[in-house]
J.: 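Here it is: the structure, laid out below.
Because only heavy atoms are used, hydrogens play no part in the values below, and waters and symmetry mates are left out as well, while side chains stay in. Sequence positions, counted from 1, serve as the residue numbers for this chain.
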Amino acid sequence: GLGWTQFGADKPAAPRATPVKTTTNPAPVPVEFELVRLSREGMGVIAGSAAPGGFVDVMSEGRSIGKSRASESGAWEIVVENSLSPGTHILSLTATDGTGGDVRSANLALVGVPPPPPEGPALKTAKGEKKPVADDGVLAVLLPRQGAGTGRVLQRPGLLKPTLALGIDLADFDVSGKTVLRGRANA
């Protein structure tokens with residue numbers, strides 16, 4: 001008759017694999033811009049987030065303009081004391097992630113610093129003291145480093161005193177080519 005044959009019955013069972021404990025490196029904490037507030041003179045504050053305890057370096061065209069250490073919550077800030085000259089600056093971030101590895105920001109901040117206002121009697125008080133300029137004229141836009149995604153305005157001229165009831169701050173395109181408009185409106 002027909003019978004069943006069990007193959008491998010005469011061989012000892014293979015040893016069971018013991019689980020190997022593997023250590024995986026957690027994904028690095030991104031370093032990000034959250035705030036750019038610069039004066040017409042190119043001085044001010046830049047702030048954001050990074051890995052807690054990590055060191056952050058803000059670069060402008062490959063030159064360090066300030067360094068900071070992130071707090072326990074990951075917040076960091078840099079006071080820009082050496083003013084950015086008038087013109088366009090591309091700011092980037094590099095941070096250590098706490099394990100010695102470097103993390104680059106996914107975004108860049110494109111900053112436009114206008115030339116100083118012309119000197120004249122309109123910019124001086126009756127006592128000859130310099131008047132603060134009401135509109136600083138600085139523009140800072142957060143843009144994706146690799147080009148995928150949309151931008152976000154971090155600082156625009158007149159940001160602290162909006163005068164328009166409705167305004168468009170940024171016109172951009174998303175990854176699929178659709179137009180994205182960002183702006184503001186008075187409530």
J.: Around atom CG of Leu35, are there more than 12 heavy atoms from other residues, nucleotides or ligands closer than 6.0 Å?
T.: yes
J.: Please confirm whether the backbone N or O of Ser105 pairs with a side-chain atom of Arg145, one donor and one acceptor, at under 3.5 Å?
T.: yes
J.: Can you give me the closest heavy-atom contact between Val36 and Gln155, atom names plus distance?
T.: O-OE1, 3.0 Å
J.: Please report the closest heavy-atom contact between Arg104 and Gln146, naming both atoms and the distance.
T.: NH2-NE2, 4.3 Å
J.: Can you give me the closest heavy-atom contact between Phe33 and Leu154, atom names plus distance?
T.: CB-CD1, 4.4 Å
J.: Check the pair Phe55, Asp102 against side chain to side chain contact (heavy atoms under 4.5 Å, CB included), reporting the backbone distance first and the verdict last.
T.: CA-CA 9 Å; Phe55 290 94; Asp102 286 340; over 6 Å; no
J.: Specify the closest pair of heavy atoms between Val56 and Ala95, including all atoms of both residues, with the distance to one decimal.
T.: CG2-CB, 4.1 Å
J.: Sort out for me which residue in Ile90, Thr88, Ile46, Val138 forms a side-chain contact (heavy atoms from CB on, under 4.5 Å) with Val111.
T.: Val138
J.: How far apart are the closest heavy atoms of Leu93 and Glu32, and which atoms are they?
T.: CD1-C, 3.5 Å
J.: Could you go through the side chain to side chain contact (heavy atoms under 4.5 Å, CB included) check for Val58 and Val80 one step at a time?
T.: CA-CA 10 Å; Val58 179; Val80 180; over 6 Å; no
J.: Looking at Ser60 and Leu84, what are the two nearest heavy atoms and their distance?
T.: OG-CD2, 4.1 Å
J.: If you round to the nearest 0.5 Å, how far is CG of Leu108 from CE of Met59?
T.: 12.5 Å
J.: Say whether Ser64 and Asp57, considering side chains only, have a donor N or O and an acceptor N or O under 3.5 Å apart.
T.: yes
J.: Is there a donor-acceptor pair under 3.5 Å between the side chain of Trp76 and the backbone N or O of Ser49?
T.: yes
